[in-house]
Amino acid sequence: MIELPALGWQSIVIFVVFALSLLIATYCTYAERVIAAFLQDRVGPDRAGPYGLLQPLADAVKMFTKEEFFPGGANKVLFVVGPCLAMITALMSSAVIPFGNTMSFGNNLFFLQGIEVNIGMLWIFGVVSLGVYGVMIGGWASNNKFSLLGAVRAASQNISYELAMGMSLIAVLMISGTLSLREITLQQSVAGEWQVWNIVKQPLGFIIFLVCAFAETNRTPFDLPECETELVGGYHTEYSSMKLGLYLFSEYVNIFVVSAVMSVLYFGGFNFPFQYELRDWFINSQGWELASAQNLITLLGTVGLFLKIFAFIFFFMWIRWTLPRFRYDQLMRLGWTILIPLAVFNIVLTGALILFGVI
Amino acid sequence: MHPLFLFLSFVALLSALGVVFAKNPVHSVLFLILTFFTLSGHYLLLNAQFLAAVNIIVYAGAIMVLFLFVIMFLNLNVDTEPHKPAMAKIAAAVAGGSLLLILVAALKDIVPTGVAAGTPFNSQIGMVDQLGLKLYTDFLLPFELASVLFLIAMVGAVMLGKREAGERNF
């Protein structure tokens, strides 16, 4: 008999997180069009359903009913594996993100988090570093020079920006002293103490992480792997139907996950200002029990975290429709000669501030 | 034996054989990545979370990406592969066989910590904090020496890749 860990009700949380990631990614495609239309002073999608809200469904139907095309000389197995890998790695990282504090029903305590491990940050970093395989394998298996160039660009870009990203995470690790994302969140707000979010302690680290997040998710101004002016469609030139859909979709899941990570690491996660005062107000003035007051605060915190995530997603789209694309040598120069030295400087600075007891 | 251990070992051996026997070098690299994943699974079974995560980040996430990168550029195909002389094959087999012999000879007599009576064993040693304490107290000198070695390697790589005076790449 195989002993599986006793997940029980926790599996419901995992399923909800999985479904939410997909739902949010679906509506990101809609939000992208609406925001693009807003920024360019156009109307945007408004045909399918009220305010065009059914547009993602219409897109899905279109994607599914298109022709499944395999280019000649393509490696059939890897051609299918590529988009699958892109999607799997995109969905895996949301497992360790704490979407809320604990909920208690009777004697049962739930964590609004897929799994709580003490290597949460390493897990995120590991899965993000695997994300490039989907693009590389798909681009290579297409047997097309443009796809291959896109894949190679994606690989070198991800490797370059991963370094700066990892080093900006190390600075967060130095001030928190733990790799668990839940612990990092809880440290940013302690009852009865004056605590600030990590963004105040790590402004430079956050900026480095943000830039690297754009590069890791292949978003403009770093979307060189799918640069249509040079490479037709980049790594997904040969893809059609839902296989293309999976590639485009995984990009939005990645944006959602990386926004959640940024909210958790730098913007207090599920904490919001005056949460303990609000809880005590419910207990003392309204006569609520501690458990139900805590549950309400947890729910409000989850809503707050999602508001932060949506703000970041909007920021991603805002940047995409505002800034032009980098040239490839500019991208490499920014990564290696600006971001990495800045990240090293940030680590030294953080160390000095900790040593002198400032943070 | 634990069924999960058996399954992971089976996949590990199968994918390791796949690395050697695959005709296409890209398939070999992908099999090698799968092998690293199963090894990380083994680390998890040994309660070594940190090692498992770092194995994925460093080997599967960084080194193998560069491997794949180079192999995609080289465009090695079965028909372009040069025919190796029989002498080279025999030499490779002898060298590999003697490496196996040495490894088996070196490892056959070791006693795992905690199995022999009287040796203290800490089941939490694979956790990040415990591992960090161990590395920075008992093994401080080798740890720091290894970091100096990495620094030398980095400086060497920069020296080799440095642009000569007057040379332009763009």
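Within every chain, numbering begins at 1; the chains are lettered A, B, ... in the order of the sequence lines, protein sequences first and strands thereafter.
Evaluation of the side-chain contact (heavy atoms from CB on, under 4.5 Å) rule for A:L349 yields A:F345, A:L353 as partners, not counting sequence neighbours. Every residue two or more places apart in sequence or in another chain was checked for a ring-ring contact (aromatic ring centres under 6.0 Å, His included) with A:Y133, and none qualifies. Every residue meeting the side-chain contact (heavy atoms from CB on, under 4.5 Å) condition with A:N254, not counting sequence neighbours, appears here in chain and number order: A:A90, A:T217.
Note: B:I57 CD1 to A:L122 CG = 4.5 Å, rounded to the nearest 0.5 Å.
The shortest non-hydrogen separation linking A:N118 to B:V128 is O-CG2, 4.0 Å. Between A:A155 and B:V65 the shortest heavy-atom distance is CB-CG1, 4.0 Å.
Using a 4.5 Å cut-off between non-hydrogen atoms, the part of residues 31-53 of chain B that approaches chain A consists of B:I33, B:F37, B:Q49, B:F50, B:A53.
Contacts between A:L163 and chain B at a heavy-atom distance below 4.5 Å are absent for every atom of the residue. Using a 4.5 Å cut-off between heavy atoms, A:I159 contacts chain B through its side chain alone, with no backbone atom that close. Both the backbone and the side chain of A:S156 come within less than 4.5 Å of a heavy atom in chain B. Heavy atoms closer than 4.5 Å to chain B are found in both the backbone and the side chain of A:V152. There is no contact between B:V58 and chain A, counting heavy-atom distances below 4.5 Å.
Environment of CZ in A:F70: crowded, with over 12 heavy atoms of neighbouring residues, nucleotides or ligands closer than 6.0 Å. A 6.0 Å sphere centred on OH of B:Y59 holds no more than 12 heavy atoms belonging to other residues, nucleotides or ligands.
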Can A:V81 and B:L30 be said to form a side-chain contact (heavy atoms from CB on, under 4.5 Å), step by step?
CA-CA 11 Å; A:V81 165; B:L30 295 178; over 6 Å; no
